[in-house]
Amino acid sequence: MRDPRKIDVAIWTATDDDRTVEVAGRLDSAGLIVHDLDLSTARPMVILMLPCAGGPGFASACAEIVRAYPHTPAVVLHTPKSEDSHPAIEQHVFGLLPASLDLARVPDHVRAVLARWLRFEELKQQATTLQKLESTVDLVYFDFRPDTGTFCPSLQLRQIIGHADASPTMQPNPLIERIHKDDRELFAGTLFEAAKTGTPFCIQIRLTDVSGRMRFFRTRGRAFEAIDDASTARVFGVCEDMTDHMQRLAEAEARSRVDDLTGLGNRRHFDDCLASALARAQREHEKLALLYIDLDRFKLINDTLGHDAGDQLLRVISARLSDAVRADDVVCLDHETTEGEARVSRLGGDEFTVMLSGIHGKPDAELVASRMLQAIAEPVEIAGHKLTPSASVGIAVYPEDGDSTELLRKRSDAALYSAKGAGGGFRFFTQSMEDGAVRRLSLEHELRAALDSDQIELHYQPRIDYTTNRVVGAEALLDWASPTMGRVSTEEVLRIAEETGLITRLGRWTLERACREAAHWASASEEPIRLAVNITTAHFEQDDVFSAVIDALKQAGLPPELLDLEITEDLLLRENTAFGQALEELRRIGVRVVLDDFGKGYSAL
């Protein structure tokens with residue numbers, strides 16, 4: 001057995017990838033031999049590529065490495081910018097590692113890739129004996145001969161496609177017909193290109209097995225010398241069944257689009273559905289209505305009866321809204337993938353949306369709005385108290401009120417606040433809601449507009465180590481000037497955001513903007529500079545803060561270890577296990593949680 005300490009890893013890095021030192025240190029600590037890649041020297045056992053932003057230059061480097069070392073496995077450790085930057089890189093590498101991978105696990109992945117590569121090379125050399133191995137090795141593979149277009153499939157592949165012919169060779173139709181029609185050209189073209197150029201390949205195909213089940217296979221292979229008297233090379237491919245993995249990914253994607261509390265679609269789901277429905281309405285010349293729903297006095301219920309009671313009420317309202325929308329109303333529905341299913345979305349807090357496609361005009365939207373308000377107003381007992389809920393609804397209609405998702409959102413939101421200012425009920429958008437600087441569109445409406453148009457600023461208060469007189473960190477501070485009332489204090493901005501349900505948008509915007517700035521500091525400074533961002537209790541109540549932080553860090557490329565989240569003691573006093581779990585998960589990935597304003601008027605703890 002090869003001594004793992006004798007594995008030598010050559011590192012190729014983009015000029016702007018700053019992970020080289022840390023990755024090399026991880027590999028060296030794990031006992032691997034590490035050195036820079038030099039194409040003029042003897043081939044290394046493994047090549048590790050750090051692409052930074054990726055792009056065509058990275059693909060060219062991959063091709064050059066393959067030409068110089070055709071029998072050496074290459075591993076790409078992605079960054080968030082490079083993961084989708086150039087799909088062609090999969091033609092040149094054996095292993096792709098995601099940007100989210102913990103760097104401590106890189107040595108294990110390098111060893112695993114090398115082990116798979118050595119196994120792959122061994123299988124190529126023993127191509128003539130693979131049939132004998134089938135009784136003991138559960139291996140799905142094929143041997144393709146380009147000159148005749150025939151396959152020599154493994155027993156497992158024959159069983160998957162239901163090909164019972166005992167002949168060692170097989171015409172392509174039994175396999176090609178099982179492959180998804182959108183993948184057939186890719187599959188065939190890749191095999192012939194591999195035979196022509198000798199380029200290793202890695203593709204994913206969908207295949208319907210003999211039972212009718214759609215399965216996903218990652219197929220890796222390359223051309224090798226003829227194993228008989230034939231004059232042409234053959235292409236050998238190994239198929240890895242990725243079906244369970246893809247199913248898990250699909251389930252995770254589905255969960256990421258569902259609101260945990262109510263089971264309705266969340267903001268992400270709503271955004272996708274609105275874009276899809278608007279595109280259909282434009283294509284089919286249909287009308288579309290967007291309804292924003294906001295519960296009245298919900299904060300009072302939370303404050304007096306507690307958040308458990310508030311959550312119970314939200315679940316009741318969610319069920320009532322879903323029942324109130326008739327089955328053939330298209331509610332946050334993707335026409336191309338779903339039929340006959342009605343859904344309501346929850347954006348966060350007590351904000352809901354309903355989207356109606358294919359309506360004849362405003363009377364249809366009015367009918368649905370009236371039905372929803374009537375359903376919401378039914379008395380309900382929560383935590384031993386009888387409540388009579390009510391709501392306000394704002395409606396914008398395509399194409400009259402806007403021809404883009406941004407305009408429809410903005411104008412249905414304006415109509416919603418007009419309805420709330422009038423004491424409830426529903427309101428259709430009118431131009432006067434934007435034209436007049438009326439009181440009902442005061443600071444809370446202007447704050448929404450400021451978020452839409454990126455008119456809020458962040459200032460940074462430096463933190464200085466007085467022993468060295470060096471800046472070691474900075475705290476992000478909001479700064480906003482109302483167009484009609486001038487500069488607004490940070491405390492008032494946060495209060496407005498919390499009362500109007502905007503704290504989720506404002507909090508995510510602050511995290512994303514501040515993390516991007518901190519990532520710029522990290523790239524320009526030799527010493528690390530920590531970033532501190534305040535997270536309010538209301539943000540925790542109305543959003544998945546853990547996901548918000550992860551998204552901001554990934555988008556900016558900022559290491560979690562450079563982020564401080566400042567919370568107040570009020571959050572710690574809440575008996576909410578979800579808050580505690582989120583804080584623990586953040587600490588686990590390296591984010592530091594800081595107690596701010598401990599007691600009253602004191603510094604961060």
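Atoms considered below: every heavy atom in the structure, side chains included; atoms not considered: hydrogens, waters and symmetry mates.
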Exercise. So, do H269 and S345 sit near enough that their side-chain heavy atoms are less than 4.5 Å apart?
Worked result: yes
Exercise. If you look at every heavy atom in P153 and P168, which pair is closest and at what distance?
Worked result: CD-O, 3.9 Å
Problem set entry | Sub-4.5 Å side-chain heavy-atom contact between L97 and H109 | yes
Problem set entry | Those residues that, when tested against Q542, pass side-chain contact (heavy atoms from CB on, under 4.5 Å) (two or more places apart) | I503, T504, A538
Problem set entry | Short side-chain to backbone donor-acceptor contact, D543 and V545, under 3.5 Å | no
Exercise. Is any side-chain heavy atom of I456 closer than 4.5 Å to a side-chain heavy atom of L506?
Worked result: yes
Show which side-chain atoms of residues 43-67 pair as donor or acceptor with protein atoms under 3.5 Å away, not counting sequence neighbours.
{"unit_1": "R43", "atom_1": "NH1", "unit_2": "H71", "atom_2": "O", "d": "3.1"}
{"unit_1": "R43", "atom_1": "NH1", "unit_2": "T72", "atom_2": "OG1", "d": "3.3"}
{"unit_1": "S60", "atom_1": "OG", "unit_2": "P56", "atom_2": "O", "d": "3.1"}

Problem set entry | Straight-line distance of L553 CG to I589 CD1, nearest 0.5 Å | 6.0 Å
N/O donor-acceptor pairs under 3.5 Å from side chains in residues 173-180, not counting sequence neighbours:
{"unit_1": "R178", "atom_1": "NE", "unit_2": "I161", "atom_2": "O", "d": "3.3"}
{"unit_1": "R178", "atom_1": "NH1", "unit_2": "D209", "atom_2": "O", "d": "3.0"}
{"unit_1": "H180", "atom_1": "ND1", "unit_2": "D182", "atom_2": "N", "d": "3.0"}

Exercise. Would you call L478 and T510 a side-chain contact if the rule is heavy atoms closer than 4.5 Å?
Worked result: yes
Exercise. Can you name the residues that form a ring-ring contact (aromatic ring centres under 6.0 Å, His included) with F216, not counting sequence neighbours?
Worked result: none
For this session: Identify, with sequence neighbours excluded, every residue that meets ring-ring contact (aromatic ring centres under 6.0 Å, His included) alongside F217.
Result: none
For this session: Salt-bridge test for R213 and D244: reply yes if a basic N is under 4.0 Å from a carboxylate O, no otherwise.
Result: yes
For this session: Flag the pair R508 and D551 as a salt bridge only when some basic side-chain nitrogen lies within less than 4.0 angstrom of an acidic carboxylate oxygen.
Result: yes
For this session: Give the C-alpha distance, both sets of side-chain angles, the deciding distance and a yes or no for side chain to side chain contact (heavy atoms under 4.5 Å, CB included) between T150 and M170.
Result: CA-CA 6 Å; T150 56; M170 178 184 74; over 6 Å; no
Seminar exercise, completed: Residues passing the side-chain contact (heavy atoms from CB on, under 4.5 Å) test with Q461, sequence neighbours excluded, are E475, L477
Exercise. If you measure from the Lys or Arg side-chain nitrogens to the Asp or Glu carboxylate oxygens, is any gap between R409 and D452 under 4.0 Å?
Worked result: no
Problem set entry | From Q247 atom CD to H245 atom NE2, the distance as rounded to the nearest 0.5 Å | 11.5 Å
Exercise. Which atoms form the tightest heavy-atom contact between A552 and C515, and what is the distance?
Worked result: O-CB, 3.9 Å
For this session: List the atom of P98, the atom of L77, and the distance in Å for their closest heavy-atom pair.
Result: O-CD1, 4.1 Å
For this session: Could you note down all residue pairs passing salt bridge (Lys or Arg N to Asp or Glu O under 4.0 Å) where residues 191-206 supplies at least one of them, sequence neighbours left out?
Result: D183-R206
For this session: Return yes when atom CD of E406 has more than 12 non-hydrogen atoms of other residues, nucleotides or ligands closer than 6.0 Å, and no otherwise.
Result: no
Problem set entry | Pair I11-L27, side chain to side chain contact (heavy atoms under 4.5 Å, CB included): steps then yes or no | CA-CA 11 Å; I11 296 182; L27 296 171; 4.2 Å; yes
Exercise. Any side-chain heavy-atom pair from D564 and L531 closer than 4.5 angstrom?
Worked result: no
Exercise. For H35, does the NE2 atom have more than 12 heavy-atom neighbours from other residues, nucleotides or ligands under 6.0 Å away?
Worked result: yes
For this session: For residues E566 and V533, determine if any side-chain heavy atom of one lies less than 4.5 Å from a side-chain heavy atom of the other.
Result: no
For this session: Show your working on side chain to side chain contact (heavy atoms under 4.5 Å, CB included) between M246 and R215 and close with a plain yes or no.
Result: CA-CA 9 Å; M246 296 300 293; R215 296 170 67 172; over 6 Å; no
Exercise. By ring-ring contact (aromatic ring centres under 6.0 Å, His included), which residues pair with Y69, not counting sequence neighbours?
Worked result: none
For this session: Could you tell me how the ring of Y141 sits relative to the ring of F236: parallel (under 30°), tilted (30 to 60°) or perpendicular (over 60°)?
Result: tilted
Problem set entry | Flag, side chain of T41 to backbone of D38, donor-acceptor distance under 3.5 Å | yes
For this session: Spell out, as yes or no, whether a donor-acceptor pair under 3.5 Å connects the side chain of S525 to the backbone of P528.
Result: no
For this session: If the plane angle is over 60° it's perpendicular, under 30° parallel, otherwise tilted; pick one for F151 and F144.
Result: tilted
Exercise. Does any pair with a residue in residues 453-462 pass salt bridge (Lys or Arg N to Asp or Glu O under 4.0 Å), and if so which ones, sequence neighbours excluded?
Worked result: D454-R513
Exercise. Quick one: does S29's side chain have a donor or acceptor within less than 3.5 Å of a partner on G25's backbone?
Worked result: yes
For this session: Decide yes or no on side chain to side chain contact (heavy atoms under 4.5 Å, CB included) for L114 and V110, but give the supporting numbers first.
Result: CA-CA 6 Å; L114 178 60; V110 169; 5.6 Å; no
Exercise. If you count the non-hydrogen atoms of other residues, nucleotides and ligands that lie under 6.0 Å from CZ in R105, is the total more than 12?
Worked result: no
Exercise. Is the side chain of S523 donor-acceptor paired with the backbone N or O of H520 at a distance under 3.5 Å, no angle test?
Worked result: yes
For this session: Given side chain to side chain donor-acceptor pair (under 3.5 Å), test T20 with T13 step by step and report yes or no.
Result: CA-CA 7 Å; T20 307; T13 181; 3.1 Å; yes
For this session: Applying side-chain contact (heavy atoms from CB on, under 4.5 Å), name anything that partners E561, two or more places apart in sequence or on another chain.
Result: P559
For this session: Go through the steps to decide whether E585 and R588 satisfy the test salt bridge (Lys or Arg N to Asp or Glu O under 4.0 Å), and finish with yes or no.
Result: CA-CA 5 Å; E585 285 294 315; R588 185 181 62 80; 2.9 Å; yes
Exercise. What pairs with R267 under salt bridge (charged side-chain N to carboxylate O under 4.0 Å, His left out), at least two apart in sequence or on another chain?
Worked result: none
Problem set entry | Heavy-atom side-chain contact between L583 and L565 under 4.5 Å | no
Exercise. Which heavy-atom pair separates C239 from T219 by the least distance, and what is that distance?
Worked result: SG-OG1, 3.7 Å
Problem set entry | Contacts of type ring-ring contact (aromatic ring centres under 6.0 Å, His included), residue W509, not counting sequence neighbours | none
